[in-house]
Amino acid sequence: MGGVEKMKYVVVTSGVVSGLGNGVAASSIGAVLKACGLRVTFIKTDPYLNTDSRTMSPSENGEVFVLDDGSEVGIDLGNYERFLDVELTGDNNITAGKIYQHVLDKERRGDYLGKTVQVIPHITDAIQEWIERVALIPVDGREGRPEVCIVELGGTIGDIESRPFMEALSQFSYRAEHNNFCLVHVSLVPVIDIVGEQKTKPTQCSVQSLRELGLKPNLLACRSTTPLNKNVKEKLSQSCHVPDDCIISLNNVPNIWHVPSLLIDQKCHEAIMGILGLARLTVEPKLDAWMNIARTCDQLLAPVRIAVVVEKYTNVSNAYQSILEAMLHASVVCQRRLVVDWVPASDLDVETANESPDLHEKAWGLLKGADGVLVPGGCGHGGVGGKILAAKYARENNVPYLGICLGMQVAIIEFARSVLGLKDANSTEFDAGTRYPCLIEMPEACVGSRRTFFRTMDCKSAKLYGSVNYTDERHRRRYEVNPDMVGELESAGVEFVGTDETGDRMEILELPWHPYFVGVQFHPEFRSRPGLIAASSGLLDAGMLQSPAGLENGNGPVSMKVASGASGGGYANASGLEEGLLGLHVSGAALAH
């Protein structure tokens, strides 16, 4: 667009409780601003002392999302990438650990010239300088700097660990100068069932806490089950000193792809443009593709049932957020209503049949009732036996199977044991002394984007990628197929259709006689194509996944980044995404069930 001389900042905070969906709000604001013709970038600040998400438990913080540069970050950065079709780096995620490490490294070098190093000004200055530096870096593949930087503050207003970030942003609101800073505060307006009335007091208290920290919201984005009543808006406007037209209702919607249009309908973009002085430099936002996807998702009726075999975190949906989002996108493309069944891998084991026969029977019932089987990435020994049994069931019964990372590796182990007759075959990760090491540690360049070259165009995976010669996908694992066993596996029928540039690392396997049995070393859910869902829906041979009208985005069969879900408390109601109409778009695909 051009014409924006100084960087504009939109800061998104949240209050009252965690999990309100401020990641959804931030991503949706970004999508709307992009639709207005602005170039947008994102920064997520997290107040925890970890330097990244590498060692953090998904049960506490959701999945670990991997970026192209190998950075392991929180799921919100995945939301940003999918909503705006951008590629971020580790610098777009600021943690307290990174800031303190940065400041202490400078202190050790003597950069502070003997001064006493303190939270104010050294920590707060470091936060502001980081934001200013990263905001200028383009993330959309084009030359020149972005025009708007959206900064999402992780955590909840009042958290003690967020205080340095709050002080930094308070200072930054003056540092950025007039018309360059807009604060959007996401808060909760609950409804007390007995009274049936929308209550404003939690938001009033949250805004008061925000003011005490030196920040005044320009917009209020209020999460609620239903649209805000007029009198509620008036009360919030009076008590929080925010104009009526700057109070936005973020009520429940059937799926989160409706959220950007929800913002536009309430002229949220006009309010932000007015505050930032951009009203004359932008165009009316057009979100036709978004609305096509949202409406299509609402109207899906014919189900496709996918069994996701995991060992951990079956009660934490955002532990596999990208898997679920990708499956949902693929289900929309394939015109199917996605139903996901979580199958605890250990419940498939024979030992469970003896100890807990009911759990064993239930797990096998879910597996056998599925149209397709997905075994995602994981770590550790837990549930590996059950995952091997799931791969065996899918292979022997012609059920579409997609193994991601560890899911590919258990398929290799199962094939070596069952077909090659190597009963002790294993990964050295699980048995360092195995006689038949199918998988060994190959740690070089194990995290981040790596290129996979197709060895043949006559395979399902290459066709699903649009018959290109190679694809770039993200990796997060040190253990890979043992090059010394590739020949033996191939002689028995395994076809490694994708490798790295050296030909030593096996990236994609297929069983050519199987309707759809695919394993990938990488994580296609981070940057993916539709596949498993098409195979499980009987659509693989129907033109190899032509997109429904309005869903094309010029990136292979269909772009996964047209839109996506987000973290935190979802905006879907009890009959929507939160209750199991969750999805995935995944690379690799195949035939029907």
Side-chain angles (χ1 to χ4, degrees), residues 1-14 22 25-26 29-30 32-34 36-45 80 84 91-92 94 99 102-103 118-140 144-154 157 162-186 207 209-221 240-243 245-248 263 267-283:
M1 182 192 72
V4 181
E5 296 181 358
K6 292 188 176 181
M7 177 63 64
K8 307 291 185 178
Y9 297 92
V10 178
V11 175
V12 180
T13 62
S14 66
N22 50 318
I29 290 170
V32 170
L33 295 182
K34 181 179 179 180
C36 290
L38 293 164
R39 296 180 64 189
V40 182
T41 186
F42 282 93
I43 295 175
K44 172 69 186 300
T45 71
Y80 305 154
L84 271 80
D91 282 349
N92 293 93
I94 308 175
I99 293 295
H102 172 73
V103 169
Q118 298 175 292
V119 171
I120 301 174
H122 301 100
I123 295 297
T124 52
D125 282 353
I127 293 169
Q128 295 175 75
E129 290 163 5
W130 194 305
I131 291 173
E132 288 183 322
R133 173 177 61 85
V134 175
L136 299 175
I137 301 172
V139 295
D140 57 6
R145 67 168 178 82
E147 294 158 324
V148 178
C149 178
I150 297 178
V151 181
E152 180 192 347
L153 176 66
I157 297 303
S162 297
R163 290 297 178 91
F165 286 92
M166 296 303 303
E167 176 60 29
L169 290 174
S170 177
Q171 295 177 19
F172 194 71
S173 66
Y174 294 97
R175 182 170 176 162
E177 300 180 356
H178 182 62
N179 280 355
N180 295 328
F181 186 93
C182 175
L183 177 61
V184 180
H185 186 56
V186 181
V207 170
S209 297
L210 198 61
R211 284 203 187 114
E212 290 172 354
L213 294 168
L215 287 166
K216 178 183 181 300
N218 300 105
L219 278 83
L220 286 180
C240 299
H241 304 172
V242 176
D245 58 359
C246 291
I247 298 177
I248 308 300
L263 297 178
K267 302 188 183 303
C268 176
H269 60 294
E270 293 184 5
I272 293 175
M273 299 301 180
I275 293 164
L276 296 179
L278 295 174
R280 296 182 180 180
L281 300 176
T282 57
V283 298

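Hydrogens, waters and symmetry mates are skipped; everything else that's a heavy atom, side chains included, is used. Here, residue 1 is the first one in the sequence, and each next residue gets the next number. Being a predicted model, the structure only gives us computed values, none of them experimental.
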Nearest 0.5 angstrom please: [X] [atom1] to [Y] [atom2], how far?
| X | Y | atom1 | atom2 | value |
| --- | --- | --- | --- | --- |
| K44 | I94 | NZ | CD1 | 11.5 Å |
| I272 | C182 | CD1 | SG | 5.0 Å |
| C36 | E270 | SG | CD | 8.5 Å |
| C268 | L33 | SG | CG | 8.0 Å |
| I248 | L263 | CD1 | CG | 7.0 Å |
| F165 | I131 | CZ | CD1 | 8.5 Å |

Can you sort out the partners of [X] under salt bridge (charged side-chain N to carboxylate O under 4.0 Å, His left out), two or more places apart, ordered by chain and number?
| X | result |
| --- | --- |
| R211 | none |
| E132 | R175 |
| D91 | R133 |

Query raised in the report: Given I275 and V10, is the side-chain contact (heavy atoms from CB on, under 4.5 Å) satisfied, shown in steps?
Result: CA-CA 10 Å; I275 293 164; V10 178; over 6 Å; no
Name the residue from [options] that meets the side-chain contact (heavy atoms from CB on, under 4.5 Å) definition with [X].
| X | options | value |
| --- | --- | --- |
| E152 | N22, T45, I29 | N22 |
| L183 | L169, L153, L215, L220 | L215 |
| T41 | D140, N92, V151 | N92 |
| I150 | V12, V184, V11 | V12 |

Considering all heavy atoms of both residues, which atom of [X] and which atom of [Y] are nearest to each other, and what is their separation?
| X | Y | result |
| --- | --- | --- |
| V103 | A126 | CG2-CB, 3.8 Å |
| G30 | V40 | O-CG2, 4.0 Å |
| G144 | P138 | O-CB, 3.2 Å |
| P164 | I127 | O-CD1, 3.9 Å |
| F42 | A26 | CE2-O, 3.5 Å |
| C240 | V207 | SG-CG2, 3.8 Å |

Query raised in the report: Is it true that a side-chain atom of K6 and a backbone atom of E177 form a donor plus acceptor pair closer than 3.5 Å?
Result: no
Report task. For K8 and N179, indicate whether the former's side chain and the latter's backbone hold a donor-acceptor pair under 3.5 Å. Result -> yes
**Report entry** Check against side-chain contact (heavy atoms from CB on, under 4.5 Å), L276 and E147
**Finding:** CA-CA 11 Å; L276 296 179; E147 294 158 324; over 6 Å; no
**Report entry** Within 6.0 angstrom of K267 NZ, more than 12 heavy atoms from elsewhere
**Finding:** no
Requested in this report: Step by step, work out the side-chain contact (heavy atoms from CB on, under 4.5 Å) result for M166 and L210.
Outcome: CA-CA 9 Å; M166 296 303 303; L210 198 61; 3.7 Å; yes
Query - Results of ring-ring contact (aromatic ring centres under 6.0 Å, His included) for Y9 - residues two or more places apart only - result: F172
Query raised in the report: Can you name the residues that form a ring-ring contact (aromatic ring centres under 6.0 Å, His included) with H122, not counting sequence neighbours?
Result: Y112
Report task. If the plane angle is over 60° it's perpendicular, under 30° parallel, otherwise tilted; pick one for H102 and W130. Result -> perpendicular
**Report entry** Those residues that, when tested against E167, pass side chain to side chain donor-acceptor pair (under 3.5 Å) (two or more places apart)
**Finding:** Q171
